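In this text, all values refer to a predicted model and were calculated from it rather than measured experimentally. Side chains included, hydrogens not; waters and symmetry mates left out as well; all remaining heavy atoms used.
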Amino acid sequence: MPGAPVPARVDAPVKQGLLELVDYATGQGWTVAKACEVLGLAERRYRRWKRRQNGVGLADARPGAAVNALMPCEIEAIVDAFETFGALRV
């Protein structure tokens, strides 16, 4: 009997617990696919979390954070350049 689907966003400790459950189940002879099905975890998510577990970690980045936003020092440089050269007329 499959479990309810794992919500779209879960905290790192929940991810860690799910990874441990799948690892335990596979140690008992279950397949990853069957363990994920019973836990309501998409196998693709399991594999992605497993790769991240020892790399960047399981915590999610802040949602909605701009990847290509200007840094504060860049904003300051733009304002300084405008104040210096903005009034010049060609």
Side-chain angles (χ1 to χ4, degrees):
M1 174 179 197
V6 174
R9 290 222 178 254
V10 293
D11 294 332
V14 174
K15 292 176 187 175
Q16 182 64 44
L18 288 165
L19 290 174
E20 289 172 6
L21 285 170
V22 173
D23 289 344
Y24 177 79
T26 56
Q28 300 299 310
W30 289 44
T31 64
V32 169
K34 184 63 178 175
C36 287
E37 178 187 344
V38 169
L39 292 171
L41 174 64
E43 190 175 345
R44 182 177 178 193
R45 286 177 82 187
Y46 164 79
R47 295 194 186 286
R48 186 173 59 241
W49 293 349
K50 196 70 173 166
R51 283 191 307 269
R52 289 177 47 197
Q53 187 176 27
N54 296 321
V56 297
L58 295 172
D60 289 333
R62 191 180 72 200
V67 177
N68 57 351
L70 292 173
M71 295 174 37
C73 64
E74 294 170 322
I75 294 170
E76 186 178 322
I78 292 168
V79 171
D80 288 344
F82 178 78
E83 288 174 350
T84 302
F85 303 106
L88 294 179
R89 295 181 192 254
V90 180

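The list of salt bridge (Lys or Arg N to Asp or Glu O under 4.0 Å) pairs with a residue in residues 70-79, not counting sequence neighbours, is empty.
Using a 4.5 Å heavy-atom threshold, the side chains of L39 and V22 count as touching. No side-chain heavy atom of L41 sits under 4.5 Å from any side-chain heavy atom of L21. Looking at heavy atoms from C-beta onward, K15 lies out of side-chain contact with V6 at the 4.5 angstrom threshold. For the pair Q28 and Y24, the minimum side-chain heavy-atom distance is below 4.5 Å.
Atom-to-atom distance recorded for W30:CH2 and D23:CG is 14.0 Å, nearest 0.5 angstrom. Here the CZ-CZ distance, from R51 to R48, works out to 7.5 Å after rounding to the nearest 0.5 Å.
Evaluation of the side chain to side chain contact (heavy atoms under 4.5 Å, CB included) rule for A42 yields R45 as partners, not counting sequence neighbours. Legend: residues meeting side chain to side chain contact (heavy atoms under 4.5 Å, CB included) with D11, ordered by chain and number and at least two apart, are P13.
The two residues W49 and L58 make their nearest non-hydrogen contact at O-CD2, 3.4 Å. Here the closest heavy-atom approach between residue A59 and residue A12 is recorded as N-CB, 3.8 Å.
Listed for the T84 side chain is no donor-acceptor partner under 3.5 Å among the backbone atoms of A81.
A chain of hydrophobic side-chain contacts below 4.5 Å, direct or via other Ile, Leu, Val, Met, Phe, Trp or Tyr residues, connects Y46 to V14.
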